[in-house]
J.: 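Got a structure here, written out as structure tokens. Questions coming.
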Amino acid sequence: CKIGEQLGKVLSKKTATGFLYRVDLELRPEGKSGTLANSLSAMETYYESFGAYWEKQALIKSNCAAGDACLFTEFHKMIQPFIFPKTSDFSLVEKVRDMKVKVEASLLSSSQQEYHVKLGRGGIREIEFFVQTLQILYGGRNPALKTPNTLKALSSLKNESLLPAYDEKELRDAYIFLRTMEHRLQLVEEQQTHRLPIDEKSLAGLAKRMGYFQENQNEAIEIMLAELHKHRKNVEVRFDNLLERTAYQGGK
């Protein structure tokens with residue numbers, strides 16, 4: 001546990017040349033009150049008894065980054081039934097809906113009114129919620145869905161006839177556009193921001209970083225925002241349709 005704490009501090013410490021990684025050690029079983037290093041049996045007991053939906057989403061993304069690869073493989077195999085149950089539980093759609101409501105409420109309570117590329121309506125999080133909901137619902141019976149990569153998961157959903165090809169393409173295009181915009185926003189002073197600026201100068205700079213090189217900067221801004229609006233609407237429609245469809249299948 002002490003080694004883990006020290007490593008986290010070293011990785012995230014800001015120096016004159018910047019920092020290596022943002023590390024959040026609270027995203028673990030039982031949060032702040034939980035031990036930093038658990039045994040496999042303790043982890044299994046926790047997820048079987050108390051594991052939340054958001055932890056299923058997080059564990060879909062899990063991969064071996066460093067350390068004992070055999071230990072990770074053992075953990076990853078052990079945790080599969082928790083992430084991908086054999087029987088589809090359509091009640092999870094209510095959990096997705098509740099999470100989305102909380103996210104939107106947190107944005108409304110913010111003093112900043114700019115569009116949030118990650119958490120806003122039609123943003124990155126809605127695409128991830130869409131994909132992960134289908135992965136959790138059907139991954140127990142479709143091993144091809146068990147991938148941490150969102151774009152690969154979209155392809156698998158299409159190949160398994162769980163997502164129409166046209167929807168897959170529009171969600172893929174939106175995800176790539178929004179992720180690119182997120183990265184271009186964060187290029188400025190290496191800040192972890194997801195909010196679209198509202199002043200003309202900052203928007204013009206973002207448009208250039210996004211590849212819009214029209215001579216008239218207002219035109220570049222308008223084209224970029226129109227493209228953003230198109231992708232947002234495509235995501236919104238499919239996310240809302242998913243919630244309605246899965247709620248109906250679950251007998252809600």
Side-chain angles (χ1 to χ4, degrees), residues 27 47 50-61 80-110 115-142 144-179 181-182 194-196 227-252:
L27 295 175
Y47 287 117
F50 308 106
Y53 174 72
W54 70 265
E55 289 175 300
K56 292 177 185 279
Q57 292 177 292
L59 287 167
I60 287 175
K61 298 284 191 181
Q80 293 303 295
F82 167 69
I83 309 171
F84 305 108
K86 291 290 184 183
T87 304
S88 298
D89 179 11
F90 288 94
S91 67
L92 70 83
V93 71
E94 293 302 321
K95 297 172 185 175
V96 177
R97 199 190 309 276
D98 290 344
M99 288 173 68
K100 186 58 185 170
V101 168
K102 290 177 182 177
V103 168
E104 290 177 350
S106 70
L107 291 179
L108 287 174
S109 63
S110 172
Y115 175 65
H116 201 290
V117 173
K118 187 172 185 178
L119 303 179
R121 287 291 283 152
I124 293 167
R125 186 55 54 84
E126 283 194 2
I127 301 175
E128 292 180 333
F129 276 16
F130 180 100
V131 172
Q132 290 165 357
T133 297
L134 291 176
Q135 285 181 283
I136 292 168
L137 282 173
Y138 300 109
R141 302 190 302 275
N142 296 270
L145 301 182
K146 298 179 180 182
T147 173
N149 185 289
T150 299
L151 294 177
K152 288 181 180 178
L154 279 169
S155 293
S156 295
L157 288 167
K158 179 186 69 175
N159 295 337
E160 296 293 322
S161 300
L162 292 167
L163 185 64
Y166 185 72
D167 288 359
E168 189 268 348
K169 182 182 185 307
E170 293 210 334
L171 287 171
R172 174 181 296 275
D173 291 346
Y175 190 75
I176 292 171
F177 179 89
L178 290 164
R179 277 297 190 193
M181 180 169 277
E182 175 192 44
H194 298 91
R195 292 189 178 275
L196 202 68
E227 188 79 1
L228 171 63
H229 178 72
K230 180 190 77 172
H231 289 305
R232 285 183 60 192
K233 292 305 295 181
N234 287 339
V235 174
E236 279 186 59
V237 168
R238 284 158 181 83
F239 181 72
D240 291 342
N241 286 346
L242 174 72
L243 295 186
E244 292 174 10
R245 188 180 82 200
T246 49
Y248 174 76
Q249 287 178 286
K252 298 292 180 181

J.: Can you tell me how far NZ of Lys118 sits from CG of Leu178, rounded to the nearest 0.5 angstrom?
T.: 12.5 Å
J.: I want to check something: taking the side chain as every heavy atom from C-beta on, are Arg232 and Tyr115 in contact at a cut-off of under 4.5 Å?
T.: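 Yes; the side chains approach each other to less than 4.5 Å.
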J.: For the residue pair Leu151 and Arg172, what are the closest heavy atoms and their distance?
T.: O-NH2, 2.9 Å
J.: Going by distance alone, is a donor N or O of one side chain under 3.5 Å from an acceptor N or O of the other, for Arg141 and Ser88?
T.: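 Yes, because at least one side-chain N or O of Arg141 sits under 3.5 Å from a partner of the opposite role on Ser88.
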J.: What pair of heavy atoms forms the shortest contact from Phe84 to Ile136, and how long is it?
T.: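 Looking at all heavy atoms of both residues, the closest pair is CD2-CA, 4.2 Å.
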J.: Charged N to carboxylate O under 4.0 angstrom, Glu128 versus Arg179?
T.: yes
J.: Roughly how far, to the nearest 0.5 Å, is CD of Glu168 from OG of Ser156?
T.: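 Ser156 atom OG to Glu168 atom CD measures 9.5 Å (nearest 0.5 Å).
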J.: Is there a side-chain contact between Asn142 and Leu157 in this structure, where contact means two heavy atoms from C-beta onward sitting under 4.5 Å apart?
T.: no
J.: Before giving the answer on side-chain contact (heavy atoms from CB on, under 4.5 Å), spell out for Lys100 and Arg121 the whole-Å C-alpha distance, their side-chain angles and the decisive distance to 0.1 Å.
T.: CA-CA 9 Å; Lys100 186 58 185 170; Arg121 287 291 283 152; 4.3 Å; yes
J.: Is any side-chain heavy atom of Met99 less than 4.5 Å from a side-chain heavy atom of Tyr53?
T.: yes
J.: Starting at CD of Gln57, measure out to CD1 of Ile60 and round the result to the nearest 0.5 Å.
T.: 7.0 Å
J.: Any sub-3.5 Å donor-acceptor pair from Glu244's side-chain atoms to Asn241's backbone N or O?
T.: no
J.: Might you point out which heavy atoms bring Gly139 and Lys146 nearest each other, and give the distance in Å?
T.: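 Nearest pair, atom of Gly139 first, then Lys146: O-CE, 3.2 Å.
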J.: Using atom types as modelled and distance alone, determine if a side-chain donor or acceptor of Gln135 lies under 3.5 Å from a backbone N or O of Thr147.
T.: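 Judged by distance alone, yes, a pair lies under 3.5 Å.
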J.: State, with a plain yes or no, whether a side-chain heavy atom of Glu182 is found less than 4.5 Å away from one of Ile124.
T.: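 When only atoms from C-beta onward are counted, Ile124 and Glu182 do touch, with a gap below 4.5 Å.
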J.: Supply the atom-to-atom distance Ile127 CD1 to Glu170 CD, rounded to the nearest 0.5 angstrom.
T.: 11.0 Å
J.: Any donor and acceptor pair, going by atom type alone, linking the side chain of Asp167 with main-chain N or O of Leu163 inside 3.5 Å?
T.: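 No; judged by distance alone, with no hydrogens or angles, the pair does not exist.
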J.: A side-chain contact here means heavy atoms from C-beta on lying under 4.5 Å apart; do Trp54 and Leu27 qualify?
T.: yes
J.: Could you walk me through whether Lys169 and Asp173 pass the salt bridge (charged side-chain N to carboxylate O under 4.0 Å, His left out) check?
T.: CA-CA 6 Å; Lys169 182 182 185 307; Asp173 291 346; 2.7 Å; yes
J.: Do the non-hydrogen side-chain atoms of Thr133 and Val93 ever get within less than 4.5 Å of each other?
T.: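 Not touching, per the 4.5 Å side-chain cut-off.
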J.: Looking only at the aromatic ring of each residue, does the gap between the centers of Tyr47 and Phe82 stay below 6.0 angstrom?
T.: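 Between Phe82 and Tyr47, the centre distance is under 6.0 Å.
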J.: Side chain of Arg238, backbone of Leu171: donor and acceptor closer than 3.5 Å?
T.: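 Looks like no, no N/O pair under 3.5 Å.
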J.: For residues Leu134 and Leu145, report the shortest heavy-atom separation together with the two atoms involved.
T.: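 Of all heavy-atom pairs spanning Leu134 and Leu145, the closest is O-CD1, 4.1 Å.
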J.: As an exercise, state the distance from CG of Leu137 to CG of Leu162, rounded to the nearest 0.5 Å.
T.: 9.5 Å
J.: Taking Glu126 for its side chain and Gly122 for its backbone only, find out whether a donor-acceptor pair lies under 3.5 Å.
T.: yes
J.: Please evaluate residues Thr150 and Lys61 with respect to the criterion side-chain hydrogen bond (donor to acceptor under 3.5 Å, both in side chains), reporting the C-alpha separation (whole Å), side-chain torsions for both, the decisive distance (0.1 Å), and the verdict.
T.: CA-CA 9 Å; Thr150 299; Lys61 298 284 191 181; 2.8 Å; yes
J.: For residues Lys56 and Pro85, report the shortest heavy-atom separation together with the two atoms involved.
T.: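 So the two residues come closest at NZ-CD, 4.4 Å.
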J.: Go through Val96 and Phe130 one step at a time and tell me if the side-chain contact (heavy atoms from CB on, under 4.5 Å) criterion holds.
T.: CA-CA 9 Å; Val96 177; Phe130 180 100; over 6 Å; no
J.: Using the ring of each side chain (for Trp, its six-membered ring), is Phe129 parallel, tilted or perpendicular to Phe239, with breaks at 30° and 60°?
T.: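 Correct class here is tilted.
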